[in-house]
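Here the structure is laid out as structure tokens; the discussion comes afterwards.
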Amino acid sequence: MSKLALHGGQPLRKKLFPAHKTIGIAEQTAVQAVLEKGTLSRFLGADHADFYGGDQVQSLEQRWSTKFGSQHAISVNSNTSGLYCAMGAIGIQPGDEVIVCAYSMSISATAPLLYGGIPVFVDLEPDYLCLDPAAIEQAITERTRAILVVDLFGQPYEAQAINALADKHGLYVVEDCAQAPGATYNGHYAGALGHIGVFSLNYHKHIHCGEGGVVVTDDDELAERVQLIRNHAEAVVASKGQSASPNMLGFNFRMSEIDAAIATQQLLKLDTLLDTRIANIRYLESQLDFIPGMTFVPPRPLATHAYYQHAIVWDEEQTGLARNDFVFALKAELPAFELRESEGVKIGCGYVKPLYQLPIFTDLAGPSNFTQSLPDYSKVCCPVVEQLHNSTLIHHEFMVPSMTKGDLNDVIEAFAKVWSRRDELRTT
Ligand SMILES: *Cc1c(COP(=O)(O)O)cnc(C)c1O
């Protein structure tokens, strides 16, 4: 085999991987119909039938609640706004503590701040990489009001243990299921495992409409408050008999009819897209078994995984090689995806910086009403997160549904090439 690309050899593959594009004729036709009708949104911020939006929005919500088995589905314009709605709806007040995940997209930890809530960072389970129930239990205080769980990389959170803790202490469980649409735990869909679940329909997710989100819940009261916060609560609460509820300052977090029409078509494709992703993971895992010390994070017992990212754990001692050296060499052998060249080769070392290291926490660098009552985060340390980030976690997206067997074989060959020439990489 030729020299490593990192050291000037030929890369194993130069031709870009096929675009991960889920938008097609069905979405074009649905959008065309909305454009012909001309009603691009029918929301009204008043106590009126149109408070709930137009036909496309309501039809999406109907299908979403049927699919995921929840009483209510409420569309919003992002998962971010959905998490804000959820924090408001459960009644977070200044000084309330919300247990959050230290390793996720930033909003998974910052959502409580909008209502003066205090994020309390908790570490991950070393084996399945979601919030660790034992660490949650230690972090619960008199002031804890909720646990904001994340189905990280597509893995459902440990619902049995965490829901039991929430019951015992009278806490809400808010589930950020942005990365896990279609994943299941004990026969229930991710999103429907806690009191409120929040999906994302942004461009990077399994299915998308550009920007969007959906909030699901079985609780009628929570559903109404989410609808109010989505759509100018302050103008509507009096006639809806909700004027005594906290946090009834509204926003415009409404989804347009065009986005809802696209999201509906995308929802119809979810199962097929997910099956292909899972088949690709099975193939990759079966072929990438030649590196002792490189292991794959499995779905937890009772769960199916949605593989937003494929999480791999690299043992530097057993492999005799630093994770970063291996991944940098691998990156040099492989191409980016068509239409997403700017994102580079879709494999990385670690995920995001531990969230307690963000400036909003280290420097309290937010608006003073967000940060004035926050504790000193400089001493927070989640050892599992730091180890994953600094030396053991590799994540990649080579399992996206556009990848053919031939494309996957190139990925496998690149791993094999770098592994077979690993002596050229040893830095110690
Ligand atoms: C993508 C993502 C979000 C944010 O979703 P938006 O729809 O872009 O607001 C939140 N949490 C997690 C875990 C995500 O992956």
Side-chain angles (χ1 to χ4, degrees), residues 20 22 60 64 73-88 98-114 119 121-122 124 128-131 146-157 173-183 189-191 193-194 196-216 226 229-230 251-256 259-260 262-263 266-267 270 274 277 297 305-311 340 343 346 348 350-355 358 360 385 388-389 393 395-397 400:
H20 168 40
T22 62
L60 170 68
W64 204 278
I74 301 133
S75 60
V76 283
N77 58 7
S78 68
N79 165 292
T80 298
S81 41
L83 286 174
Y84 284 144
C85 288
M87 289 295 121
V98 178
I99 289 174
V100 299
C101 190
Y103 213 37
S104 182
M105 203 259 160
S106 59
I107 190 64
S108 311
T110 56
L113 295 175
L114 182 64
F121 289 100
V122 158
L124 300 185
Y128 301 117
L129 312 190
C130 293
L131 274 184
I147 308 169
L148 206 175
V149 294
V150 181
D151 300 319
L152 195 65
F153 304 144
Q155 172 93 274
Y157 75 96
V173 175
V174 177
E175 183 181 7
D176 178 351
C177 60
Q179 303 188 349
Y189 277 114
L193 301 174
I196 302 196
V198 187
F199 292 84
S200 173
L201 288 164
N202 93 15
Y203 179 58
H204 294 274
K205 299 295 155 46
H206 293 64
I207 56 172
H208 77 96
C209 59
E211 303 286 355
V214 182
V215 181
V216 295
V226 169
I229 295 169
R230 164 178 76 173
F251 297 85
N252 175 350
F253 287 157
R254 309 177 309 204
M255 183 182 273
S256 79
D259 288 337
I262 297 171
Q266 289 277 288
L267 179 61
L270 175 62
L274 191 53
R277 224 177 242 265
V297 175
H305 201 295
Y307 297 107
Y308 174 66
Q309 301 280 334
H310 188 209
R340 299 196 188 181
E343 295 174 27
K346 299 295 274 177
Y351 179 46
V352 292
K353 233 161 95 149
L355 295 180
L358 292 179
I360 193 156
V385 167
L388 286 166
H389 190 64
L393 179 72
H395 67 99
H396 73 83
E397 294 181 35
V400 294

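Both ligands and their constituent atoms are indexed starting at 1 by order of listing. Worth saying up front: this structure is predicted, and the values here are computed from it rather than measured.
Shortest contact from atom 11 (N) of ligand 1 to any protein heavy atom: Asp176 OD2, 2.7 Å. Counting only heavy atoms of the protein, atom 9 (O) of ligand 1 lies nearest to Thr80 OG1, 2.5 Å. Given atom 10 (C) of ligand 1, the protein heavy atom at minimum distance is Asn79 OD1, 3.1 Å. Looking only at heavy atoms of the protein, atom 8 (O) of ligand 1 is closest to Asn202 ND2, 2.8 Å.
Ligand 1 lies less than 4.0 angstrom from a heavy atom belonging to Ser108. Contact annotation: Gly82 has no heavy atom less than 4.0 Å from any atom of ligand 1.
The distance from ligand 1 to the heavy atoms of Ser200 drops below 4.0 Å at these ligand atoms: 5 (O), 6 (P), 7 (O). Within ligand 1, counting atoms from 1 as listed, the ones closer than 4.0 Å to a heavy atom of Gly212 are 7 (O). Counting the atoms of ligand 1 from 1 in the order shown, those under 4.0 Å from a heavy atom of Ile107 are 10 (C). For ligand 1, the atoms lying closer than 4.0 Å to a non-hydrogen atom of Ser104 are 13 (C).
In this structure, Leu201 CG and Met255 CE are separated by 5.0 Å, a value rounded to the nearest 0.5 Å.
Between Phe153 and His395, the angle of the ring planes stays under 30°, which puts this pair in the parallel group of the 30/60° scheme.
With Gln179, Gln309, Glu211, Lys205 as candidates, the residue nearest to atom 2 (C) of ligand 1 on a non-hydrogen basis is Lys205.
Side-chain N or O atoms of Thr110 include one that pairs as donor or acceptor with a backbone N or O of Ser106 at under 3.5 Å.
Counted by atom type alone, Asp176 and Asn79 present one or more donor-acceptor pairs between their side chains at under 3.5 Å.
A ring-centre distance under 6.0 Å is not found for Tyr157 and Tyr128. Residues Tyr351 and His389 keep their aromatic ring centres 6.0 Å or farther apart.
Residue contacts with ligand 1, taken as heavy atom pairs separated by less than 4.0 Å, involve Ser78 via backbone and side-chain atoms alike.
Among His310, His20, Gln309, the single residue meeting the side-chain hydrogen bond (donor to acceptor under 3.5 Å, both in side chains) criterion with Glu397 is Gln309. With Ile147 as the partner, the side-chain contact (heavy atoms from CB on, under 4.5 Å) test is satisfied by one option alone out of Ile99, Val122, Val98: Ile99.
Residue-to-ligand polar distances keep Tyr308 apart from ligand 1: every N/O pair is separated by 3.5 Å or more.
Taking the centre and axis of the six-membered ring of Tyr84, the NZ or CZ atom of Arg230 falls outside the cone set by 45° and 6.0 Å.
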